[in-house]
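A quick write-up on the structure given underneath.
FYI, side chains are in, hydrogens and waters are out, and symmetry mates aren't considered; it's all heavy atoms of this structure.
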Amino acid sequence: MQKLLLAVDSLSTWFGKACAWTVIGLTLLITWEVFSRYVLNNPHAWVLDAQIMLYGVLFMSAGAYTLAKSGHVRGDVLYGFFSPRTQAGWDLALYILFFLPGIIALTYAGWFFANESLAIREQTFNADPLPVYPFKFVVPIAGAFLLLQGIVEIIRCIMCLQTGEWPKRAQDVEEVDVEKLKEMVHVKDADIEALDSLVVKKGGQP
């Protein structure tokens, strides 16, 4: 099972890195257009649309990659203090309640959205039109990758609930360090233990 999880992580990583090359294209395109517009006095109407589509590819493809690296933003101020089982329980509930319905809807609707665009050979509205339909297929493709990675994360949550430890990843993204956080708020382990003892004593009172 662990090999399968890591294989999906690798697939999401490959997809994210492959699409990351659009940054190079985007940078070169913008640089060339600035030079052409302000030096050669020869602007191009289609460049803005191309920039938007390339940025869309980059943005959409980053979801599965970031999820594979556990890099999405979460409330670490509280989450980092939870035990692995508690973290897994919260994650599992949120994946089922919010992630799965949203991503399934995105992938399903995106597929029909892209096919409708293909059927009419949709183009941009400017003097030099660009085909839009190839880029609209990025929506269901990126959604499918994100859904697959999400299923892997749900499996990880279930495994953590069973074992009490998070399954290992190929490369973990560095999260907020709990020890550094304790130093920032001037809290020591002795203070936490004293507080826990006080809560237990109060809980035991009639």
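- In terms of heavy atoms, Tyr95 sits closest to Pro101 at O-CD, 4.3 Å.
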Go through the steps for Asp91 and Trp166 under the test side chain to side chain contact (heavy atoms under 4.5 Å, CB included), then give the verdict.
CA-CA 12 Å; Asp91 285 356; Trp166 283 109; 3.6 Å; yes

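- Thr124 places none of its side-chain heavy atoms less than 4.5 Å from the side chain of Trp46.
- Side-chain contact between Phe145 and Leu11: present, with at least one pair of heavy atoms (C-beta onward) separated by less than 4.5 Å.
- The hydrophobic clustering, which links ILVMFWY residues whose side-chain heavy atoms are closer than 4.5 Å, places Ile104 and Phe113 apart.
- The list of side-chain hydrogen bond (donor to acceptor under 3.5 Å, both in side chains) pairs with a residue in residues 28-39, not counting sequence neighbours, reads Glu33-Arg37, Glu33-His44.
- Taking the six-membered ring where tryptophan is involved, the planes of Trp111 and Phe137 are perpendicular, since the angle between them exceeds 60° and thus also 30°.
- To the nearest 0.5 angstrom, Leu146 atom CG is 10.0 Å from Glu153 atom CD.
- Scanning all heavy atoms of the two residues, the minimum distance from Lys168 to Leu6 falls at O-CD2, 3.8 Å.
- Taking CG of Leu48 as the reference point, atom CG of Leu29 lies at 10.0 Å (rounded to 0.5 Å).
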Would you please test Trp90 and Phe82 for side chain to side chain contact (heavy atoms under 4.5 Å, CB included) and show each step?
CA-CA 10 Å; Trp90 276 104; Phe82 293 158; 4.1 Å; yes

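- No side-chain donor-acceptor contact under 3.5 Å links Ser10 and Thr13.
- Between Tyr133 and Ile120 there is no side-chain heavy-atom pair separated by less than 4.5 Å.
- For the pair Glu165/Pro84, no side-chain contact is recorded, criterion being any heavy-atom separation below 4.5 Å from C-beta on.
- Separation of atoms CG (Leu148) and OG1 (Thr107) is listed at 10.5 Å; rounding is to 0.5 Å.
- Contact of the Lys136 side chain with the Glu122 side chain is registered, since non-hydrogen atoms from C-beta on lie closer than 4.5 Å.
- Not a single donor-acceptor pair under 3.5 Å links the side chain of Ser12 to the backbone N or O of Asp9.
- Two different hydrophobic clusters hold Phe59 and Trp21 under the rule that ILVMFWY side chains link at heavy-atom gaps under 4.5 Å.
- Atom CG of Asn42 sits in a crowded spot, with more than 12 heavy atoms from other residues, nucleotides or ligands closer than 6.0 Å.
- Under the 4.5 Å side-chain contact rule for hydrophobic residues, Leu26 and Met53 share a cluster.
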Report the C-alpha separation of Phe125 and Asp49 in whole Å, then their side-chain angles, then the decisive distance to 0.1 Å, and conclude whether the side chain to side chain contact (heavy atoms under 4.5 Å, CB included) test is met.
CA-CA 9 Å; Phe125 294 97; Asp49 292 327; over 6 Å; no

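- In terms of hydrophobic clustering, with Ile, Leu, Val, Met, Phe, Trp and Tyr side chains grouped at heavy-atom distances under 4.5 Å, Met60 and Val57 are assigned to a common cluster.
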Check against side chain to side chain contact (heavy atoms under 4.5 Å, CB included), Leu40 and Phe35
CA-CA 7 Å; Leu40 303 180; Phe35 177 80; 3.8 Å; yes

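- Environment of CD in Gln123: crowded, with over 12 heavy atoms of neighbouring residues, nucleotides or ligands closer than 6.0 Å.
- A donor-acceptor pair under 3.5 Å is absent between the side-chain atoms of Arg156 and the main chain of Ala88, judged by distance alone.
- Of the inter-residue distances, the one linking Leu54 atom CG with Ile30 atom CD1 reads 9.0 Å to the nearest 0.5 angstrom.
- With sequence neighbours left out, the side chain to side chain contact (heavy atoms under 4.5 Å, CB included) criterion links Pro134 to Pro131.
- Nearest heavy-atom pair across Gly110 and Val139 is CA-CG1, 3.9 Å.
- Atom OG1 of residue Thr27 and atom CD of residue Gln51 lie 10.0 Å apart, to the nearest 0.5 angstrom.
- Under the 4.5 Å side-chain contact rule for hydrophobic residues, Phe98 and Leu92 do not share a cluster.
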